[in-house]
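This report refers to the structure that appears directly beneath it.
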Protein chains: 2
Amino acid sequence: MSTVRGARERARIEVTAAIKDEARRRLAAEGAAKLSLRAVARELGMVSSALYRYFPSRDELLTALIIDAYDSLGAAAEEADSRALAAGAAPRDRWIAACEAVRAWALAHPHEYALVYGSPVPGYSAPADTIGPASRVGNVLIGVVRAAYEGRGLALPPLPPVLGPEAARMAADFAEDLPPAAVAALVAAWAQLAGLVSFELFGQFQGVVEERAAFFTHAAGQLAHGVGLPAV
Amino acid sequence: MSTVRGARERARIEVTAAIKDEARRRLAAEGAAKLSLRAVARELGMVSSALYRYFPSRDELLTALIIDAYDSLGAAAEEADSRALAAGAAPRDRWIAACEAVRAWALAHPHEYALVYGSPVPGYSAPADTIGPASRVGNVLIGVVRAAYEGRGLALPPLPPVLGPEAARMAADFAEDLPPAAVAALVAAWAQLAGLVSFELFGQFQGVVEERAAFFTHAAGQLAHGVGLPAV
DNA sequence: CCAAAGCAAGAGCACCGCTCTCGAAACGGA
DNA sequence: TCCGTTTCGAGAGCGGTGCTCTTGCTTTGG
């Protein structure tokens with residue numbers, strides 16, 4: 001698969017990784033707005049123009065970091081769910097574990113979280129390369145709901161008629177074995193989860209919520225209820 | 001009150017407003033990241049250094065825009081709720097109307113919404129001047145829940161014991177006449193509402209949700225249920 | 001072995017936030 | 001009315017940015 005042909009390709013891969021590492025370091029330290037190519041190059045002992053051999057623009061570098069962040073966040077959620085599953089947790093507890101993993105990752109990597117779920121930094125438009133890694137968290141949540149559905153079933157209110165076709169389409173696209181109402185609820189819960197994490201991370205809870213971990217766990221439990229997971 | 005003493009103060013007020021207007025225009029056109037003092041000054045026919053007589057830094061200009069955005073958003077929510085109230089709407093419908101007003105404002109002013117609910121742009125720290133205007137949306141939601149509470153009461157699940165003191169504190173701070181469980185649910189719903197709007201605005205629903213207005217209305221209804229509003 | 005391709009380096013362009021100085025204008029008390 | 005004080009716009013300038021182009025050097029592969 002990834003047969004490295006010569007010293008040149010090897011060097012290219014190494015330098016590309018070094019650039020991303022240094023960029024990630026500066027991103028964590030100062031945020032995306034202050035991430036400068038020149039500073040990254042300086043820290044790596046190269047001149048700024050040399051960096052353009054590896055990334056055609058600052059935005060492309062940021063996009064690479066975004067993809068890595070999606071992957072890292074997705075892996076964290078997957079791992080937390082796997083751990084909960086191995087411990088024999090009920091769907092509701094797996095759900096909460098996944099949500100808490102997302103929150104923990106966000107608190108540990110605030111600027112990377114802002115990069116993926118905050119306001120889009122460049123002109124606009126998340127490139128198509130990001131949609132794959134971006135869905136990993138969603139897939140974890142889908143898996144939890146699927147397990148509950150195949151077990152005791154889901155407790156969901158009926159969908160309003162106007163949303164019927166839309167929910168059916170979403171179900172066909174993302175989880176054809178689940179009821180459309182469950183898929184629609186899942187998408188909403190996913191966005192709401194991000195809202196809870198973003199508010200805490202971006203300081204909106206300052207002076208409002210103090211016991212943030214407990215509050216979040218409670219809210220995640222409410223989200224679990226919202227997607228029909230049994231309370232057991 | 002605001003007696004303008006001389007031509008100097010009058011000019012200062014006018015120029016300050018003109019700067020903010022032009023900055024808002026450029027913000028709407030290109031986003032906060034690309035808002036430059038020099039471009040604003042250029043468009044206003046002044047030299048960039050002159051602008052520092054009115055705003056000590058770019059961040060201070062952005063802060064002023066943030067405060068205005070909070071106020072504009074809050075006014076939109078208040079107006080929508082008042083209209084619903086005047087039309088004799090039930091609390092649940094007032095709630096949905098307020099949520100839809102927030103979404104509509106966000107869609108109409110995406111960059112300003114990103115400024116207040118997206119990732120914090122400058123170094124950090126929302127200044128203290130923003131907390132007043134920031135609470136207007138929250139107050140609307142509180143008012144709707146209060147009306148329901150004083151009417152038929154609220155249908156809320158019990159709070160986990162660990163959150164008892166925290167919820168009581170939040171209730172004392174923001175709505176002492178409401179049950180702590182309602183206030184806790186309100187805060188969570190507020191964050192979740194922002195999550196729904198942010199996902200739509202920041203492109204996270206691209207390729208996922210198509211019928212966004214209907215989907216949002218449904219999700220807002222679920223949020224209403226989450227804060228205990230009767231379904232009537 | 002040698003042409004082609006990849007590479008780092010440097011100079012340079014246009015822009016940025018911000019500071020400082022300077023002269024003109026408005027202000028307000030004597 | 002005069003005059004010191006304050007406010008203001010303009011200009012030059014500093015250090016920084018993203019990005020481009022040219023210039024040679026090195027690796028590559030036929």
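The basis for the numbers below is simple: all heavy atoms, side chains too, and nothing from hydrogens, waters or symmetry mates. Chain identifiers are assigned alphabetically (A, B, ...) following the order of the sequence lines, protein sequences preceding nucleic acid strands; residue numbering begins at 1 within each chain.
Listed by chain and residue number, A:Asp21, A:Asp68 satisfy the side chain to side chain donor-acceptor pair (under 3.5 Å) test with A:Arg24 (two or more places apart in sequence, or in another chain). Partners of B:Ala224 under the side chain to side chain contact (heavy atoms under 4.5 Å, CB included) rule, at least two apart in sequence or in another chain, are B:Arg92, B:Trp95, B:Leu229. For B:Ala194, the side chain to side chain contact (heavy atoms under 4.5 Å, CB included) test picks out A:Phe199, B:Tyr113, with sequence neighbours left out. With sequence neighbours excluded, no residue satisfies ring pair (Phe, Tyr, Trp, His ring centres under 6.0 Å) with B:Phe55. The side chain to side chain contact (heavy atoms under 4.5 Å, CB included) test applied to A:Glu200 returns A:Arg103, A:Leu107, A:Phe205, A:Arg212, not counting sequence neighbours. Here A:Thr217 pairs with A:Glu100 under the side chain to side chain donor-acceptor pair (under 3.5 Å) rule; sequence neighbours left out.
Within the nucleic acid shown, A:Leu35 comes within 4.0 Å of sugar-phosphate atoms alone, with no base atom in reach, counting heavy atoms only. Backbone-only contact: A:Tyr54 has heavy atoms under 4.0 Å from sugar-phosphate atoms and none from a base.
Between the P atom of D:dT20 and the CG atom of A:Leu37 lies a distance of 11 Å, rounded to the nearest Å. Atom pair A:Ile19:CD1 and C:dA8:P shows a separation of 8 Å (rounding to whole Å applied). The interatomic distance linking B:Arg10 (CZ) with C:dA26 (C1') rounds to 13 Å, in whole Å. What separates CZ of B:Phe55 from C1' of D:dC8 is a distance of 16 Å, to the nearest Å. In this structure, B:Leu44 atom CG and D:dA10 atom P are separated by 11 Å, rounded to whole Å. Between the NZ atom of A:Lys34 and the C1' atom of C:dC16 there is a distance of 13 Å, rounded to whole Å. At whole-Å resolution of the value, CD in A:Glu9 and P in D:dT28 are 8 Å apart. Per the geometry, CZ belonging to A:Arg42 stands 18 Å off P belonging to C:dA8, to the nearest Å.
Here side chain to side chain donor-acceptor pair (under 3.5 Å) pairs that include residues 73-85 of chain A, with residues two or more places apart or in two chains, are A:Glu78-A:Arg136, A:Glu79-A:Arg83, A:Asp81-A:Arg94.
Although no hydrogens or angles enter the test, the distance criterion places a donor-acceptor pair under 3.5 Å between the side chain of A:His109 and the main chain of A:Trp105. The closest donor-acceptor contact from the side chain of B:Thr130 to the backbone of B:Ile67 lies at 3.5 Å or more, if one exists at all.
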Using a cut-off of under 3.5 Å, enumerate the N/O to N/O pairs linking the protein to nucleotides 23-25 of chain C.
none

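For B:Ser36, the side-chain atoms get nearest to C:dC16 when compared with the rest of C:dC16, D:dT17, D:dC19.
In the region residues 46-53 of chain B, proximity to DNA chain C at under 4.0 angstrom, judged on heavy atoms, holds for B:Ser48, B:Ser49, B:Tyr52.
For D:dG18, the base has a donor-acceptor partner in the side chain of A:Arg38 [N/O atoms by modelled type, under 3.5 angstrom].
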